[in-house]
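Step one of this worksheet: look at the structure below.
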Amino acid sequence: MFPVLHLVMLAVVLGVSFITIYLMVQERDLLKMIVLSAAQSTFYAIALYILLVPDVVLAYIAVAVGIYTALLMFAVKKTERFEEA
Amino acid sequence: MRRSKSFLAICLITAISIVLILAFLLNISGLTTYGVNELTGLAKLFVLNIPDPTKPWSSHAFEIVTAILWDQRGLDTYFETSVLFLAIVASVALLSYYGRRHVHEGTGDGYTTMIVKVVTKLVVPIIAVVSASIAIHGHLTPGGGFQGGSVFVVAPVLMLLAYGSRFLSSRGFNELRLLAIRALSVTLIFVVGLLPVLYLLTHGTAYLFQNTYKPDSAFTYPYLIPTPIGMILTAGSIMIYNILEFFAVAAGFTLAILLLTREFERGDKK
Amino acid sequence: MTLLDIVLIVIGEIMIGIGALADLIAAIGINRFPNFYLRLHAATIGTIWGAFLPLIGAAFVAAGCECLGEYRWFMAGGALITAFIILILGPAGSHALARGTHRSGIVPVEPKVVDHLEEDESMPTSQEKQEIGEEGGESQ
């Protein structure tokens, strides 16, 4: 058996998350960075689901998209919004 | 700082082609488990022994990941839970305001509309029920205590964003109570793990964090409980651990988020 | 396979087709619209017509497919519940997003014909007046 479809889906998802990471590193606005980080976590969760680890997906998507994003938002609110050049 | 569009396009194409090449190399070399129909090594041991009730080392649980977490390496998971507990205690020590008056405890009501509040009220019970089912069915379906607890925390986050921290505090979610639930759950996990050792002192061989009977030890938690509606599979102590861990994680994360939101609502006034 | 099953499957497939078309339209709209709020409108088309409707269609297809056995009812129920949750969450999320963006003033409303929300916010409501009074009292 050669499930090419799974591999192609995995490649697309990881490629999009790679692009998101590139945009995230280049971004100066920290709030936009947080939103991009949440998007990247979503793609990673899909990739983990394709790799057949639903246990990790359940913890990962709640922590990375919900709690982690909220914590970073609070941190940005308390400090600077724009990264200095 | 704006790069040219062609540069971005080249970057994207390179990224996609790198990922594609890596994926197909992995598949051709056979490093991924795709196409491999035989179990090897440790996986064979776990998959063949844990769900099978006739084997002597069985955990009587169908979900192998949770069974390994709480049975085969239960002590390890207990210390993970206590590390998280220490982190929560540290954040409480940094952020808590005991002994000080809450001057700006957050009015909260000012920045959301009726639509958001009503939808939050509809969604929060759904999240709570789903998280409880993830935790309680942790030994049957993918999930477990930590997963259920961290899914549950999304509900308080939504409530805090929609209603403000004063609403949750007035509904009984205060710091002291959450910390008490957290500490009680962690302690009870350790007590449940310690019970086999008490058995060891009086009767015979038993192991720390032991779940069901082993070939050289008769100690066992009840793993099949008869009820009027049929047999209930609890997988020994795994279900107890899952429920306690659910309360521990949910209370701990809720406490951290609650304190941070209160700090957030105080604004920049020093 | 009875006639009812075939009808269910065809209706479901038509719904999924409409969803794909709506997603394409939403993507074009997100790329072409000039304004944040208009782009949000296009994205909401992608949520309701492009996610809610195909999920209902998937529920129909699952209910009509005998090859799935008893499990088709589980799949249909799961799809219906997911569709319901998307139906209540999508509009509320885009509403909160639009309101938050407008209040923080990050994005200028441009091109603009009329902006009633701005006119409403320029005059404080009675509740806000009360809050301002309270805060002023506390700081002294």
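Basis for what follows: all heavy atoms, side chains included, without hydrogens, waters or symmetry-related copies. Quick note on labels: first sequence line is chain A, next is B, and so on, each numbered from 1.
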Heavy-atom closest pair, residues Ala92(C) and Val116(B): O-CG2, 4.5 Å
Reported CG-to-CG distance for the pair Leu158(B) and Leu89(C), which is rounded to 0.5 angstrom: 8.0 Å
Spacing of Arg99(C) atom CZ and Thr113(B) atom OG1 [to the nearest 0.5 Å]: 5.5 Å
Part of Ile85(C) lying under 4.5 Å from any heavy atom of chain B: side chain
Straight-line distance of Ile115(B) CD1 to Ile88(C) CD1, nearest 0.5 Å: 13.0 Å
Lys55(B) atom NZ: more than 12 heavy-atom contacts under 6.0 Å: yes
Chain B contact residues among residues 23-38 of chain C, heavy-atom distance under 4.5 Å: none
His95(C) atom NE2: more than 12 heavy-atom contacts under 6.0 Å: yes
